[in-house]
Amino acid sequence: KEKVEITKEQQALMKVIADAYNRHQIPQDVAKKLLQDQYSAEENFLLLTEMATSQVQVLVEFTKNIPGFLSLNHEDQIALLKGSAVEAMFLRSAQVFSKKMPNGHNEVLEDRIRRSGISEEFMTPMFNFYKSIGVLHMVQEEQALLTAITILTPDRPYVKDQQAVERLQEPMLDLLRKLCVLQHPQKPQYFACLLGRLTELRTLNYYHAEMLTSWRMNDHKFTPLLCEIWDVE
Ligand SMILES: COc1ccc(-c2nc3ccccc3n2[C@H](C(=O)NC2CCCCC2)C2CCCCC2)c(OC)c1
């Protein structure tokens with residue numbers, strides 16, 4: 001039986017990532033807003049673009065706190081952010097969706113999202129992902145590391161120095177693996193399962209642009225930041 005322990009520098013890395021992640025809390029209130037009222041497809045689309053815009057801004061702040069990220073080639077920094085923004089947004093949405101709320105609130109939230117204006121064909125893959133994240137009952141540290149690992153994916157389009165990105169991602173993967181063994185000793189497959197979610201997350205990337213343009217309304221407007229980050233307009 002392998003004795004797993006977190007080293008001093010891994011504890012320091014965990015603290016840096018977890019603290020940076022905890023500062024990244026804004027879109028939490030979107031669930032509260034959705035529970036308050038039923039909105040039109042137009043209002044929901046506006047809410048989505050506002051939430052997504054602020055989430056991207058917060059994601060950039062989180063990324064800047066990943067040790068070594070700011071030492072990467074500048075074009076590669078942009079390529080990593082652009083390549084991971086949609087996945088990080090869906091990962092965040094899954095975490096918001098999975099948060100236990102008072103009786104019946106989770107069902108209301110799901111219903112509001114189902115009737116928000118998103119077209120039928122995308123609900124199954126999106127909710128399948130949300131539920132597959134929910135059943136894992138990830139702790140904050142795991143969520144933070146998984147987000148950092150998603151951002152530090154070496155094979156994003158246009159990344160020049162992939163080895164430099166691998167060197168940053170590896171310690172995160174090693175730390176997450178140890179955390180999973182210590183946090184979920186009764187689930188030896190837990191770490192592999194988490195990484196499997198990242199594969200499922202990539203499939204949502206392909207649906208993303210179409211999910212937006214097929215939103216049940218005319219004239220979809222995006223903020224300049226979202227035009228940069230999303231492949232729309
Ligand atoms: C591209 O298509 C879609 C469809 C649905 C969502 C979504 N899934 C959610 C699960 C839990 C709570 C909110 C959720 N959302 C929207 C939202 O506000 N997402 C925020 C994005 C930034 C990070 C926090 C969540 C809602 C959906 C209902 C109408 C108003 C927007 C979504 O979030 C990427 C993207």
Side-chain angles (χ1 to χ4, degrees), residues 20-63 81-102 104-136 138 140 143-144 146-147 150-151 197-198 200-217 220-223 225-233:
Y21 190 74
N22 290 333
R23 284 198 292 278
H24 141 306
Q25 282 309 329
I26 29 91
Q28 196 55 47
D29 54 20
V30 64
K32 234 193 340 276
K33 200 158 168 56
L34 287 169
L35 289 166
Q36 263 159 10
D37 224 329
Q38 184 98 8
Y39 302 103
S40 70
E42 287 75 7
E43 288 164 329
N44 278 323
F45 191 81
L46 182 63
L47 183 57
L48 169 63
T49 55
E50 285 166 353
M51 284 293 147
T53 299
S54 59
Q55 201 260 342
V56 169
Q57 289 157 345
V58 164
L59 185 77
V60 170
E61 286 319 303
F62 170 68
T63 306
L81 274 168
K82 186 161 169 34
S84 64
V86 170
E87 290 174 24
M89 178 183 67
F90 276 115
L91 192 51
R92 186 80 194 117
S93 298
Q95 288 151 4
V96 172
F97 185 80
S98 314
K99 224 167 171 55
K100 186 77 191 84
M101 291 186 281
H105 287 202
N106 289 87
E107 289 70 21
V108 172
L109 178 63
E110 174 162 351
D111 180 59
R112 291 277 155 86
I113 296 168
R114 283 189 184 279
R115 291 147 35 126
S116 60
I118 180 172
S119 67
E120 194 70 33
E121 65 193 292
F122 300 116
M123 287 184 197
T124 307
M126 191 174 80
F127 283 111
N128 283 352
F129 176 69
Y130 290 171
K131 300 204 171 165
S132 68
I133 287 287
V135 298
L136 292 174
M138 278 197 273
Q140 278 271 31
Q143 293 182 11
L146 205 61
T147 303
T150 302
I151 295 162
R197 299 285 76 80
L198 296 187
E200 194 178 349
L201 197 47
R202 286 198 181 206
T203 61
L204 288 177
N205 251 334
Y206 301 125
Y207 294 129
H208 177 68
E210 224 189 312
M211 285 168 86
L212 295 162
T213 51
S214 66
W215 202 275
R216 212 175 31 257
M217 64 188 270
H220 305 84
K221 284 193 179 57
F222 303 95
T223 62
L225 178 57
L226 291 183
C227 289
E228 282 293 308
I229 284 277
W230 292 351
D231 299 327
V232 289
E233 215 161 37

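As the structure lists them, so they are numbered: ligands from 1, and atoms in each ligand from 1.
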Chemist: At a non-hydrogen distance cut-off of under 4.0 Å, which region of N44 contacts ligand 1 (side chain, backbone, both, or neither)?
Modeler: both

Chemist: Check this for me - ligand 1, Y130, N or O atoms closer than 3.5 angstrom, yes or no?
Modeler: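 Indeed, backbone or side chain, Y130 has an N or O that close.
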
Chemist: Relative to the heavy atoms of I118, which atoms of ligand 1 are at a distance of less than 4.0 Å?
Modeler: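 Checking each atom against I118, I get 4 (C).
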
Chemist: Taking the side chain as C-beta and beyond, is there a heavy-atom pair between D29 and M51 under 4.5 Å?
Modeler: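 The answer is yes; the side chains approach within 4.5 Å.
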
Chemist: Y39 side chain to K33 main-chain N or O, any donor-acceptor pair under 3.5 Å?
Modeler: yes

Chemist: Could you tell me whether a side-chain N or O of W230 sits under 3.5 Å from a main-chain N or O of V86, the two making a donor and an acceptor?
Modeler: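 No.
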
Chemist: With heavy atoms of M89 as the reference, note each atom of ligand 1 found under 4.0 Å away.
Modeler: 21 (C), 22 (C), 34 (C)

Chemist: Do any heavy atoms of R112 fall under 4.0 Å from ligand 1?
Modeler: no

Chemist: Look only at interatomic distance and state if W215 has a nitrogen or oxygen under 3.5 Å from any nitrogen or oxygen of ligand 1.
Modeler: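 No, W215 has no N/O under 3.5 Å of an N/O on ligand 1.
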
Chemist: Show the atoms of ligand 1 that are less than 4.0 angstrom away from any heavy atom in M126.
Modeler: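 Per the distance check, 4 (C), 5 (C).
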
Chemist: If you measure from atom 29 (C) of ligand 1 to every heavy atom of A209, A31, S116, S98, which option wins on shortest distance?
Modeler: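 Looking at heavy atoms only, S116 sits closest to atom 29 (C) of ligand 1.
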
Chemist: Please state which option from S93, A52, A41 has its nearest heavy atom closest to atom 25 (C) of ligand 1.
Modeler: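 Heavy atom nearest to atom 25 (C) of ligand 1 belongs to S93.
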
Chemist: Write down the atom of S132, the atom of L136, and the distance for their closest heavy-atom approach.
Modeler: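 Heavy atoms of S132 and L136 come nearest at O-CG, 3.5 Å.
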
Chemist: Within the side chain of R112, is there an N or O that forms a donor-acceptor pair under 3.5 Å with the backbone of L35?
Modeler: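 At least one qualifying donor-acceptor pair exists.
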
Chemist: Search all heavy atoms of A41 against all heavy atoms of W215 and return the closest pair with its distance.
Modeler: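 Closest approach of A41 to W215: O-NE1, 3.1 Å.
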
Chemist: Going by the atom numbers of ligand 1, which of them fall below 4.0 Å from some non-hydrogen atom of Q55?
Modeler: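 Those of ligand 1 that fall under 4.0 Å from Q55 are 22 (C), 23 (C).
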
Chemist: Per the side chain to side chain contact (heavy atoms under 4.5 Å, CB included) rule, which among R114, K32, K99, M101 passes with L109?
Modeler: M101

Chemist: In terms of atom number and element, which parts of ligand 1 are under 4.0 angstrom from non-hydrogen atoms of R92?
Modeler: 23 (C)

Chemist: Taking atom NZ of K221 as the centre, does the number of heavy atoms from other residues, nucleotides or ligands within less than 6.0 Å exceed 12?
Modeler: no

